[in-house]
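Heads up: the structure comes next, in structure tokens.
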2 protein chains.
Amino acid sequence: MEQLFSHLRKYHPLSAEAQTAIQNCFSQVILSKNEFLLTEGKICRHLYFMEQGALRGFYNLDGKEITYWFAFEGDFVTSFHSFTTQQPAVENIQLLEGSVLWAISKETLMDLFNRFHEIERLVRIAYERYYVRLEERFVNAQFRTAAERYEQLIQQTPHIIERIPLGQIASYLGISQETLSRIRSRL
Amino acid sequence: MEQLFSHLRKYHPLSAEAQTAIQNCFSQVILSKNEFLLTEGKICRHLYFMEQGALRGFYNLDGKEITYWFAFEGDFVTSFHSFTTQQPAVENIQLLEGSVLWAISKETLMDLFNRFHEIERLVRIAYERYYVRLEERFVNAQFRTAAERYEQLIQQTPHIIERIPLGQIASYLGISQETLSRIRSRL
DNA sequence: GCCTGCTTTTGACAGAAGTCAAAAACCAAA
DNA sequence: TTTGGTTTTTGACTTCTGTCAAAAGCAGGC
């Protein structure tokens with residue numbers, strides 16, 4: 001739990017009361033490799049925080065699995081679209097390693113927002129950081145070549161390369177596995 | 001100003017006091033075609049709301065202008081990265097038509113957040129919507145073909161096609177102008 | 001009406017990336 | 001060590017998209 005707080009404090013300081021409330025509202029979830037946190041068509045009712053482990057978000061397109069994000073230690077995890085709108089999810093969330101997560105339901109989180117302005121602020125600030133990250137990734141996807149994207153991945157998030165199978169990395173970069181293999185061989 | 005409120009209410013209802021405060025904190029900005037709201041290297045100190053008009057965000061890559069978003073009536077406008085981090089912007093924001101905007105400085109907005117939890121909530125909710133939109137656009141950029149993206153543009157945001165020159169639309173879709181022209185000719 | 005400049009289209013060619021299929025490498029369990 | 005399954009690499013070929021250059025289309029000003 002202390003790990004959760006130390007991550008949360010990176011966004012915004014928290015009063016003792018807010019911390020106590022958070023402590024009472026999150027519950028621990030332990031899952032093993034290959035289990036699903038969410039499947040396509042279900043409504044995502046929880047926000048998770050990853051304490052230890054790794055997972056991926058993917059959806060099915062023409063029979064192929066498209067992995068489009070990963071989460072590791074210290075990341076928030078949810079189907080953003082489904083969680084915020086309470087519509088059925090289009091994607092799946094699957095564990096890549098045995099993992100420890102903290103979960104809070106949407107209702108409980110809304111209740112925390114009502115009781116603690118500072119918690120809603122923390123989330124607002126977290127959203128800003130995640131938005132900027134996504135914007136950067138979007139610009140890369142649209143305007144950089146496959147090789148450039150791979151090199152940037154090596155620079156910025158080497159843990160992805162170390163912990164994730166090649167096929168899923170290729171998908172994450174928006175290229176075929178064969179192309180990624182060729183890029184690697186000529187670097 | 002009423003237009004601003006009617007847009008804001010789509011995110012979250014506002015008390016009379018909050019509305020009065022907002023009224024006192026936003027100021028009107030009128031700009032003509034081709035003027036710049038922000039240039040590369042400057043820190044973006046304001047959040048804008050577009051009442052009337054159109055503009056684009058673009059940055060320079062190898063001597064070429066890459067247009068990667070547009071804003072129209074009812075949109076919030078800022079350099080998200082620069083505004084939230086107060087780092088120099090990497091992009092330019094330029095008017096595409098004579099426009100009417102409402103502006104608020106970062107400090108004033110933070111002050112509103114402190115005084116009105118409900119205003120920070122409204123922004124938190126707005127962030128969620130914008131994040132979902134960006135996520136969708138990212139997935140399209142990475143995993144759909146150029147032709148699919150163009151068709152989706154026609155379906156979902158036909159005003160872009162009507163009001164924006166082809167070269168900038170091509171850039172927005174992440175393809176060359178020639179390719180877009182060919183896609184159009186064979187539809 | 002007729003320049004002039006800007007936008008859009010067309011043509012020819014080159015390069016990047018995808019697909020399908022097979023081979024090689026790797027890994028874990030028996 | 002052998003075996004079976006999975007992951008990664010390699011090869012041959014095709015398709016999509018980009019680039020450069022030229023032509024066509026269009027709009028405003030004179």
- Within this structure, what is the CD1-to-P distance between B:I169 and C:dT9, rounded to whole angstrom? 10 Å
- Item | Nearest-angstrom distance from the residue atom OH of B:Y150 to P of D:dC16 | 18 Å
- Query: How many Å lie between CG on B:L96 and P on C:dT7, as a whole number?
  - Reply: 12 Å
- Item | Atom-to-atom span, CG of B:L166 to C1' of D:dG25 - whole angstrom | 13 Å
- Kindly say whether the aromatic ring centers of B:F49 and B:H7 come within a distance under 6.0 Å. yes
- Query: OP1 or OP2 of D:dT8 less than 4.0 angstrom from a side-chain nitrogen or oxygen of A:R184, does that happen here?
  - Reply: no
- For this output row, return yes or no: ring centroids of A:F76 and A:Y48 closer than 6.0 angstrom. no
- Can you see which heavy atom on A:G174 is nearest to which on B:F143, and at what distance? CA-CE2, 3.8 Å
- Roughly, in whole Å, what's the span from CD in A:E65 to C1' in D:dT6? 14 Å
- Query: Could you give the CD-to-P distance, from B:E148 to D:dC16, as a whole number of Å?
  - Reply: 11 Å
- Note on the structure: Rounded to the nearest 0.5 angstrom, the CD-CZ distance for B:Q142 and A:F138 is 10.5 Å
- Query: Base, backbone or nothing for each nucleotide of nucleotides 11-21 of chain C, written B, S, -, heavy atoms under 4.0 angstrom, 5' to 3'?
  - Reply: BB----SSBBB
- Angle class for the A:Y172/A:F70 ring planes (parallel below 30°, perpendicular above 60°, tilted otherwise)? tilted
- Task: Give the rounded distance in Å between these two atoms: CD1 of A:I164 and P of D:dT7.
- Result: 13 Å
- For A:F80, which of A:Y127, A:Y68, A:W69 qualifies under ring-ring contact (aromatic ring centres under 6.0 Å, His included)? A:Y127
